[in-house]
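Residue numbers start from 1 in every chain, and the chains themselves are labelled A, B, ... in the order their sequence lines are given, proteins ahead of strands.
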Protein chains: 2
Amino acid sequence: MKPRSTGCCHGSHVELPTLTAKLRKESLKITGPRQAILEAMRHHPHPLLIKELHALLAEGDCDLVTVYRSMKTLQKMGMVRRVEFGKGGSRFELVTDEGREHHHHLVCEACHAVMQLDDCLLLEVERRIEKASGFRSVTHRLEFFGICPACQKSSVPKP
Amino acid sequence: MKPRSTGCCHGSHVELPTLTAKLRKESLKITGPRQAILEAMRHHPHPLLIKELHALLAEGDCDLVTVYRSMKTLQKMGMVRRVEFGKGGSRFELVTDEGREHHHHLVCEACHAVMQLDDCLLLEVERRIEKASGFRSVTHRLEFFGICPACQKSSVPKP
DNA sequence: AAGCTTTTGCAAATGGTTTGCAGTGGGTGG
DNA sequence: CCACCCACTGCAAACCATTTGCAAAAGCTT
């Protein structure tokens, strides 16, 4: 349960060709907008708002609406994961090899910094809930919120 | 961690005067709309969508906008808790004496039935995260989703 | 009952997300 | 290598949850 910062841009672990290959395997077209989107997500390995993602793209690379549609498509094929922090809309992150396994986030409520928490101790809890309740296919959604060390000092007002 | 159904209307444990007294203590006015809202929530002890809550009120009792404003007010004074299931907007539930303590829900993704899970094993986890990350005031948001026993049989399509 | 302040209703603005439609452009078969 | 077809895109507008502005209505206090 040790937190792991996913700050920004420490090299791109996933290659773009690796990603586009997945598109081809699903007989989806490898278009300019899709490449631009994957390229941007590759370099920003944290949950991004649609509009943040769109802002990362070069002017005219891709319409906002296309970002929405791409997220839906990519999520359906499992290349992207939807994360909800409850403010400002849905966020999406690339499902990478080293981030494939189920994990959670620790979000600073002041500056919105995001850390990734490795491993999850709730898989066993899901099984217990299934037994106790009779529900099936039980999953969960869990995020942590708090005030990060930097914000504890600077006392910047919450955005 | 045994699930407890919060199906519907098994008697109203909280009295209306008890609730309005809290309003008075905060020098908030005891208006018709507020009484109607609290009365409705008293009889429906599960997380309600704003529009569901509004639909429960008698015609002309209270405007939709007023429901929104009331939820904001009541949440600020701790009488109501906001719950996010990620579909269709925020939900709210009364904070009752027997439901005051932090708890989570188990939601059927087919019929949207909601069960309440007593006790939470994550308080200790929050402390561990604080130590490991340096964050402060760490809280969390956790909900479980699955298919309830009834829906496993009837195979009704998801709404 | 009068007066002051909060609260409400209505209308309209806002912000995220989806949809309709016509035009563009990948990718495949000839 | 070209042409064709359907998936994909851009743009505009629709949608839905939520918020805001403003004047009228209603609590609470005196």
Which of the following nucleotides, dT17(C), dT18(C), dC8(D), is nearest to the side chain of K72(A)? dT18(C)
Nearest whole angstrom, please: distance from the C1' of dT8(C) to the CD1 of I30(B). 17 Å
Atom-pair distance (CG on D63(B); C1' on dT18(D)), nearest Å: 13 Å
To the nearest Å, give me how far apart CD (Q35(B)) and C1' (dT6(C)) are. 16 Å
Select one nucleotide: of dT8(C), dT20(D), dT18(C), the one nearest the side-chain heavy atoms of P33(B). dT8(C)
When the distance from CG of L28(B) to P of dT29(D) is rounded to whole Å, what number comes out? 12 Å
Could you tell me whether a side-chain N or O of T18(A) sits under 3.5 Å from a main-chain N or O of V14(A), the two making a donor and an acceptor? no
Closer than 4.0 Å, any side-chain N/O of Y68(A) to the OP1 or OP2 of dT17(C)? yes
Identify whether any heavy atom of S27(B) sits under 4.0 Å from a base atom; if not, whether one sits that close to sugar-phosphate; answer base, sugar-phosphate or nothing. nothing
Describe the nucleic acid contact of G32(A) in one word from base, sugar-phosphate, nothing, applying a heavy-atom distance below 4.0 Å. nothing
Just compare dG27(D), dT9(D), dG9(C) and give me whichever is closest to any side-chain atom of T66(A). dT9(D)
Phosphate oxygens OP1/OP2 of dG16(C): is one of them under 4.0 Å from a side-chain N or O of S90(A)? no
Taking for each residue the nucleotide of DNA chain D with the nearest heavy atom, is it L64(B) or C62(A) whose nucleotide lies nearer the 5' end? C62(A)
Establish whether the base of dG9(C) is bridged to the side chain of R69(B) by a donor-acceptor pair shorter than 3.5 Å. yes
Just by modelled atom types, is the L38(A) backbone N or O under 3.5 Å from a matching donor or acceptor in the H43(A) side chain? no
Measure from the ring center of H105(A) to the ring center of H140(B) and say whether it is less than 6.0 Å. no
Are T31(B) and dT8(C) close enough that a side-chain N or O sits under 4.0 Å from OP1 or OP2? yes
Of I37(B), L48(B), L56(B), which meets side-chain contact (heavy atoms from CB on, under 4.5 Å) against V67(B)? I37(B)
side-chain N/O K51(A) vs dG16(C) OP1/OP2, d < 4.0 Å: yes
Whether E130(A) side chain and R127(A) backbone form a donor-acceptor pair below 3.5 Å: no
